[in-house]
A.B. asks: 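Before anything else, here's the structure in question.
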Amino acid sequence: MSACVPARADSARTKHVHPPHSPPPHGPRRFRVAGADVSAAIAVFLIALPLSLGIALATGAPLQAGLVAAAVGGIVAGRIGGCPLQVSGPAAGLTVVTADLIQHYGWRTTCAITVFAGIAQLGLGCLRVARSALAVSPAIVHGMLAGIGVTIAVAQLHIVLGGTPQSSVPDNLVALPAQLANLHPADLAVSVLTLTLLLLWPRIPGRAGQALGKLPAALIAVAGATAVAALTGLRLPKVDLPSWSSHALASLPDGPVLGLVAAVLTTTLVCSVQSLLGAVAVDKLVAARPSLTGRVKRSDLDRELLGQGAANIVSGSLGGLPIAGVAVRSSANVAAGAVSRNSTMLHGVLVVIAALLMVPALELIPLASLAALVMAVGLKMVSLNHIRTVTRHREVLVYAVTTCGVVFLGVLEGVALGIAVAVGVALHRLTRTRITHDETEGVHHVHVRGQLTFLAVPRLSRVLHQVPHGADAVVELDGSFMDHAAYETLQDWQKTHTAQGGSVDITGRRPGTRISEPAEEDGCRCRPWTPWRNHQCERPPTAPPRGTAGRSATDGSPAGNLGTATGPNTPGTRDATGARGTTGGSGAPDGPTGHELARGISAFHRNTGPLMRRELARLAREGQQPSQLFLTCADSRVVTSMITSSGPGDLFVVRNVGNFVPLPGEESGDDSVAAAIEYAVDVLKVRSITVCGHSGCGAMQALLAAEPGGAHTPLQRWLRHGLPSLERALPDVDVDVDLNEQEQKRGAGRARPRLAGRGAADTAERLCLANVVQQLEHLRAHDSVARALGAGDLELHGMYFHVGEAQSYLLSEDAEGSVFELVRETNLTA
């Protein structure tokens with residue numbers, strides 16, 4: 001029976017009435033806006049106001065249409081949309097589409113097209129197909145935005161120079177020499193001033209720069225150019241906001257049906273894809289802020305489509321521009337500290353107030369200043385980071401074709417060309433399979449790199465038959481797909497080859513690639529670095545011993561890391577007879593513990609060994625040449641190769657309880673850490689040393705719980721190396737150790753290390769952070785480290801690994817002391 005079903009028939013009719021002497025239940029919750037949302041709304045409003053006017057200018061629409069779209073996007077999309085912190089409004093990515101619609105159909109029909117596009121978005125949201133929109137290749141999306149950015153920049157360049165843009169990029173390029181010969185100095189001066197302020201404002205150094213940097217550069221650039229133009233009396237075109245009474249609203253569409261349908265589909269596609277990609281990007285920004293964890297839900301993409309559709313219907317009906325999620329405003333909203341959708345809605349309200357009460361001030365803005373601002377936005381849409389990313393993923397052809405198609409043909413045509421090229425590239429990759437054969441020490445290796453389809457079967461069969469009868473063969477499948485024709489070819493050849501006295505070992509990255517051999521008795525399908533749960537493969541749980549309760553592998557029990565923990569016969573535990581696993585007299589593993597160890601080694605031989613054999617053979621010949629010394633705790637949950645994505649030969653690892661670096665002369669008879677440091681620096685010539693602490697460290701907890709004057713066991717003698725860290729983290733605690741005067745002076749004025757974005761969870765975490773900083777100081781006291789640091793041949797790094805969050809923090813220094821910054825995904829791919 002479900003836990004949600006009432007256990008008694010009459011329970012559903014029970015009325016819960018509070019006792020007569022208890023206070024009445026609370027009334028409806030009062031609407032409150034957090035202070036963080038208010039400040040974020042003001043910051044976004046200051047960015048949105050000039051950009052909305054500039055985008056309206058670039059499209060050729062009435063300037064008031066930009067304000068209408070910004071207000072509706074903030075209020076309607078902010079209230080209904082599925083991404084609470086995404087800010088919607090007139091987007092630069094829609095500029096080219098909207099300008100083309102206005103030129104062909106007029107403004108009123110463009111408003112009607114916006115309404116129909118909103119209705120189409122509502123339909124897509126109801127059909128719950130939002131996720132399928134993300135199937136569009138990022139190279140196509142980035143190429144589309146780059147093409148739109150180029151189109152915007154070329155068109156606005158004419159206004160910057162004091163002229164009028166043409167209808168297309170080729171026409172603008174042809175007319176550019178004549179425009180350069182007929183410059184308008186006043187327009188050019190205002191534009192240059194705007195671009196200068198836009199570029200230099202975020203780069204003001206010092207504390208003044210930190211304080212002034214809170215004001216948006218776009219607002220300062222436009223306001224500064226406007227003030228200079230007004231004070232110097234320059235005569236140039238300015239913003240003209242007609243009376244709201246004469247504001248043009250939507251009318252019935254007028255034009256060819258097929259053209260209008262194509263216009264609606266284009267607007268729907270661009271608005272939807274940009275909004276959905278923006279929502280995914282906002283989710284990543286929110287995830288990078290630990291303070292928002294649990295407070296802001298992940299985006300509901302189908303609801304986001306509904307919100308965007310409703311906003312476009314309202315905006316088009318009121319004579320506003322098409323609406324989409326805007327990356328610049330959304331990122332500013334998150335960075336300003338917004339905690340709910342109230343910030344987005346409040347920014348829309350502020351736009352309404354500005355549109356009604358600030359018309360005289362807005363009409364002082366020179367059009368050249370707005371054009372320069374929009375031109376800068378267009379140039380930023382051509383992102384070098386995107387170009388590097390698509391180049392790294394070998395999709396630069398898709399990006400280039402989409403960009404050129406958008407620039408010279410139009411948005412819809414460019415996107416269609418990009419999709420066609422992307423499909424062609426995918427088919428080319430699917431059919432391009434490299435199959436090689438070589439012999440090493442009598443073993444024939446057949447390496448298949450790529451997807452195995454029926455098109456590759458003739459080549460596969462030809463290479464397989466190059467393996468002599470009766471020879472040992474290894475077939476390495478380096479791909480993610482194999483169809484039935486290739487499967488049967490491999491299976492038939494393997495049966496024939498083994499029948500003739502040969503041996504075949506088929507390995508691959510995917511589980512289950514050993515195609516002809518039966519599965520392990522327990523159904524093992526392990527591979528390296530599967531999501532780990534203290535096990536190597538799934539096994540059915542065995543019955544617990546009588547009188548005990550069985551525990552699963554995920555209940556947090558301290559199971560061993562070498563084998564499965566799904567049953568009672570785990571390494572280091574007792575079996576049903578109460579006896580521990582033993583090792584037989586021959587030295588071979590025996591019993592439950594030995595079985596788990598052997599299974600782990602067998603999984604390595606089967607899956608990882610064949611993939612690593614060549615690399616390990618090279619390392620065996622050439623010796624180790626690691627570039628880093630990694631000093632971390634002996635805790636079993638800290639897997640150095642996993643959290644650093646490193647492999648054999650990359651790290652020289654030293655592990656001990658508490659990741660301590662004893663000071664020279666205080667090793668208490670144990671020189672192993674100092675010896676490892678000297679060997680790594682002087683012999684291996686490592687270029688960096690990293691000290692890595694972690695959350696929930698037992699050594700730090702033991703330090704906090706230690707009583708002065710206790711028995712001096714080996715563990716307690718070792719933990720004395722952590723007492724300086726305790727003094728650093730908790731200077732008021734008596735650590736019962738004779739710290740020298742120099743160490744006491746250093747600890748007196750030191751700021752406690754901290755995590756960026758949040759405070760330490762407890763005293764133990766504060767001590768873990770302080771311990772990393774303290775051990776780095778101990779490292780500098782070693783002669784070999786001091787010499788390498790002085791010569792500039794060595795770097796020291798601090799790292800903190802949060803086990804529960806599976807996130808790493810790197811130590812940096814700022815004006816307030818030592819700060820551990822969260823390592824972001826963008827840092828890893830840059």
Side-chain angles (χ1 to χ4, degrees), residues 3-4 26 28-41 43-44 48 72-89 91 118 121-122 124-135 271-312 314 323-349 531 755-759 761 802 804-807 822 824-826:
C4 297
H26 294 289
R29 296 180 59 184
R30 297 172 57 186
F31 176 75
R32 294 182 179 179
V33 179
D37 284 334
V38 175
S39 59
V44 175
V72 173
I75 298 173
V76 178
R79 179 64 185 89
I80 303 176
C83 184
L85 300 188
Q86 175 162 257
V87 181
S88 301
Q121 286 181 301
L122 287 180
L124 293 176
C126 293
L127 292 175
R128 307 186 69 81
V129 297
R131 287 284 172 187
S132 61
L134 299 179
C271 289
S272 301
V273 171
Q274 182 167 343
S275 299
L276 295 177
L277 292 176
V280 174
V282 170
D283 281 344
K284 294 180 180 179
L285 294 175
V286 171
R289 285 181 54 192
S291 60
L292 292 180
T293 303
R295 299 184 63 182
V296 178
K297 297 181 180 179
R298 291 185 61 85
S299 299
D300 182 342
L301 297 184
D302 293 306
R303 179 177 172 182
E304 182 64 20
L305 266 185
L306 294 175
Q308 296 293 333
N312 273 314
V314 176
I323 288 173
V326 188
V328 175
R329 284 166 243 180
S330 300
S331 58
N333 191 36
V334 177
V339 296
S340 72
R341 63 178 70 245
N342 292 333
S343 63
T344 302
M345 298 169 60
L346 184 57
H347 124 269
V349 173
L755 292 174
R758 68 175 178 89
H802 196 290
E805 297 175 355
Q807 290 183 326
L822 178 66
R824 321 238 181 230
E825 292 184 11
T826 52

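Side chains included, hydrogens not; waters and symmetry mates left out as well; all remaining heavy atoms used.
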A.B. asks: Could you tell me whether a side-chain N or O of Arg341 sits under 3.5 Å from a main-chain N or O of Gly78, the two making a donor and an acceptor?
C.D. replies: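 The answer is yes, because a donor-acceptor pair under 3.5 Å joins these two groups.
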A.B. asks: Judged by atom type as modelled, is there a donor-acceptor pair below 3.5 Å linking the side chain of Ser39 to the main-chain atoms of Ala36?
C.D. replies: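 Yes; at least one donor-acceptor contact below 3.5 Å.
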A.B. asks: Looking at Arg303, I want to see if its CZ is surrounded by more than 12 non-hydrogen atoms of other residues, nucleotides or ligands under 6.0 Å.
C.D. replies: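 Counting other residues, nucleotides and ligands, CZ of Arg303 exceeds 12 neighbours.
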A.B. asks: State, to 0.1 Å, how close Arg128 and Asp302 come at their nearest heavy-atom pair, and which atoms those are.
C.D. replies: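 Closest approach of Arg128 to Asp302: CA-OD1, 3.0 Å.
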A.B. asks: Just verifying a value: how many Å separate Gln121 CD and Cys126 SG, rounded to the nearest 0.5 Å?
C.D. replies: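 Here the rounded value is 12.0 Å.
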A.B. asks: Closest heavy-atom contact between Ser275 and Gly325?
C.D. replies: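 Looking at all heavy atoms of both residues, the closest pair is OG-N, 3.0 Å.
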A.B. asks: Nearest 0.5 Å, what's the NE2-CG distance between His802 and Leu822?
C.D. replies: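 If we round to the nearest 0.5 Å, His802:NE2 and Leu822:CG are 11.0 Å apart.
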A.B. asks: Just by distance, do the side chain of Asp37 and the backbone of Val339 share a donor-acceptor pair under 3.5 Å?
C.D. replies: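 Such a contact is found between Asp37 side chain and Val339 backbone.
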A.B. asks: Please give me the minimum heavy-atom distance between Ala324 and Cys271, naming the atom from each residue.
C.D. replies: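 Nearest heavy atoms, Ala324 then Cys271: CB-O, 3.9 Å.
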A.B. asks: Any chance you could measure Leu124, atom CG, to Leu301, atom CG, to the nearest 0.5 Å?
C.D. replies: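 Leu124 atom CG to Leu301 atom CG measures 13.0 Å (nearest 0.5 Å).
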A.B. asks: So, the side chain of Asp283 versus the backbone of Arg298: is there a donor-acceptor pair under 3.5 Å, distance only?
C.D. replies: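 No.
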A.B. asks: Looking at Gln86 and Gly278, what are the two nearest heavy atoms and their distance?
C.D. replies: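 Nearest heavy atoms, Gln86 then Gly278: OE1-C, 3.0 Å.
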A.B. asks: Can you tell me if Gln308 and Ser88 form a side-chain donor-acceptor pair at under 3.5 Å?
C.D. replies: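 Yes - a donor-acceptor pair under 3.5 Å links their side chains.
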A.B. asks: Compare every heavy atom of Asn333 with every heavy atom of Thr344, then report the nearest pair and how far apart it is.
C.D. replies: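 Looking at all heavy atoms of both residues, the shortest contact is OG1-ND2, 3.7 Å.
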A.B. asks: Roughly how far, to the nearest 0.5 Å, is CD1 of Ile80 from CG of Leu305?
C.D. replies: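 Rounded to the nearest 0.5 Å, the CG-CD1 separation comes out at 13.0 Å.
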A.B. asks: If I compare all heavy atoms of Val87 with all of Val44, which pair ends up nearest, and what's the gap?
C.D. replies: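 For Val87 versus Val44, the nearest heavy atoms are CG1-CG1, 3.9 Å.
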